[in-house]
Amino acid sequence: MSQWELLVTDGHVRAARWRNAAPGIFVGAVVAILAGVLLGTLAPERVPSTRVSEAKEALADRQRTAVSAFMERAGEIDAVPARAGMAATPEAAATQIVAVVTSLNSNGRLPSDVEPEAPEEFWRRAWEPGRLHAMRRERTVVLGQYVAVVPGTVRQPPVLARQYVVVRRGSDGGWRAYCLAVAGNAPCDGERLDPASIPATLRPFLPRGAFAEGGAG
């Protein structure tokens, strides 16, 4: 064995191998960095969570405003309807609502004399005194009827007010009634709710264009 071979150790061999491999490693690292930069520019921009939450809140605000605007005149009665004397008394109206809740809790259906209507028909508000009008979407029912808040006389027809009630099935499976707090509406026995506080619930029940047009009713 030559003197030179004795001087070459394993460490010298490994160092020589690293020196030979260094250019390839450097080129690979540069390629990886460039690829990462390229992918970063092509990837869709991530929307910060704050922007998402702000967008959701802005949408909710628009919906609340639209519902409030639409329901602002929901309690109005332009003229005394025909057969106004057939309108339910406050006690009879309360009994009607109880019957609806009882039927829904019993068999999941509306009473046989309550026929669901399309929103366009319901919101024409050409209601028939003495009849309970309804809309239904899965776990929510919206009811409307005339209530004689002041009884009629031989010479004077009764003073009528519209009554709006939301009946909703809770997470426990039970149906409960809530009064919609509409200006000029007839009172009811359930908890009062501002329509603008439940825009997502009411949205499927409003006619087409109610949100887009600012709720013109």
Side-chain angles (χ1 to χ4, degrees), residues 62-90 92-101 103-104 109-152 156-169 175 177-190 192-217:
R62 290 195 297 271
Q63 291 183 344
R64 284 190 288 266
T65 300
V67 169
S68 181
F70 181 86
M71 298 297 292
E72 185 176 350
R73 300 195 309 272
E76 294 180 355
I77 299 176
D78 298 328
V80 177
R83 303 177 63 194
M86 299 294 294
T89 64
T95 300
Q96 289 252 50
I97 303 304
V98 170
V100 169
V101 175
S103 180
L104 289 168
R109 296 192 295 270
L110 292 169
S112 58
D113 59 341
V114 179
E115 186 69 26
E117 303 172 1
E120 285 70 23
E121 181 182 1
F122 183 94
W123 292 110
R124 283 193 306 115
R125 296 178 293 182
W127 296 350
E128 179 184 340
R131 178 186 169 194
L132 188 61
H133 295 258
M135 298 180 289
R136 181 171 187 178
R137 296 290 185 277
E138 298 178 356
R139 56 186 291 178
T140 306
V141 176
V142 176
L143 303 172
Q145 63 181 326
Y146 281 122
V147 178
V149 292
V150 177
Q156 294 289 337
V159 176
L160 303 185
R162 297 185 189 272
Q163 183 185 75
Y164 295 92
V165 178
V166 171
V167 184
R168 187 163 175 81
R169 188 179 67 193
W175 293 81
Y178 304 88
C179 304
L180 286 184
V182 175
N185 70 333
C188 74
D189 295 337
R192 288 174 63 83
L193 286 178
D194 179 358
S197 68
I198 51 172
T201 296
L202 291 180
R203 178 164 189 160
F205 295 97
L206 298 188
R208 295 187 185 94
F211 281 81
E213 297 171 7

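All values reported here derive from a predicted model rather than from experimental measurement.
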Would you say that more than 12 heavy atoms from the other residues, nucleotides or ligands in this model lie under 6.0 Å from the CG of Asp194, or not? yes
For Leu160 and Val149, the nearest pair of non-hydrogen atoms, with its separation, is C-CG2, 4.5 Å
Arg83 side chain reached by Glu128 side chain, heavy atoms, under 4.5 Å: yes
4.5 Å side-chain heavy-atom contact, Asn185 and Gln163: no
Could you check whether any side-chain heavy atom of Val100 comes within less than 4.5 Å of a side-chain heavy atom of Leu132, counting everything from C-beta outward? yes
Closest contact, heavy atoms only, Ala181 versus Pro195: O-CD, 3.4 Å
Taking the side chain as every heavy atom from C-beta outward, state whether Ile97 and Gln145 have any atom pair closer than 4.5 Å. yes
Closest non-hydrogen atoms of Pro90 and Ala148, given as atom of the first, atom of the second and distance, are CD-O, 3.4 Å
Quick one: CG on Leu143 to CG on Leu110, what's the gap to the nearest 0.5 Å? 7.5 Å
Are the side chains of Val98 and Asp189 in touch, meaning some heavy atoms are under 4.5 Å apart? no
Here the pair of heavy atoms bringing Ala196 nearest to Ser68 is CB-CB, 4.1 Å
So, do Ile198 and Tyr178 sit near enough that their side-chain heavy atoms are less than 4.5 Å apart? no
What one should report as the nearest heavy-atom pair of Glu117 and Arg131 is OE2-NH2, 3.2 Å
Cation-aromatic face contact Arg137/Phe205, 6.0 Å, 45 degrees: yes
Could you walk me through whether Tyr146 and Arg162 pass the side-chain contact (heavy atoms from CB on, under 4.5 Å) test, one step at a time? CA-CA 5 Å; Tyr146 281 122; Arg162 297 185 189 272; 3.4 Å; yes
Output yes when a side-chain donor or acceptor of Thr140 lies under 3.5 Å from a complementary backbone atom of Arg168, and no otherwise. no
Does atom CD (Glu120) have a neighbourhood of more than 12 heavy atoms from anything else shown, all under 6.0 Å? yes
Whether His133 and Trp127 hold their rings parallel, tilted or perpendicular, with breakpoints at 30° and 60°: parallel
So Leu202 and Phe70, side-chain contact (heavy atoms from CB on, under 4.5 Å) or not? Walk me through it. CA-CA 11 Å; Leu202 291 180; Phe70 181 86; over 6 Å; no
Give a yes or no answer on whether the side chain of Arg139 reaches the backbone of Arg169 with a donor-acceptor pair at less than 3.5 Å. yes
Looking at every non-hydrogen atom in both residues, tell me the closest pair between Ala87 and Pro129 and how far apart they are. N-CB, 3.8 Å
Evaluate Arg136 against Leu104 for side-chain contact (heavy atoms from CB on, under 4.5 Å), listing each step before the verdict. CA-CA 12 Å; Arg136 181 171 187 178; Leu104 289 168; 3.8 Å; yes
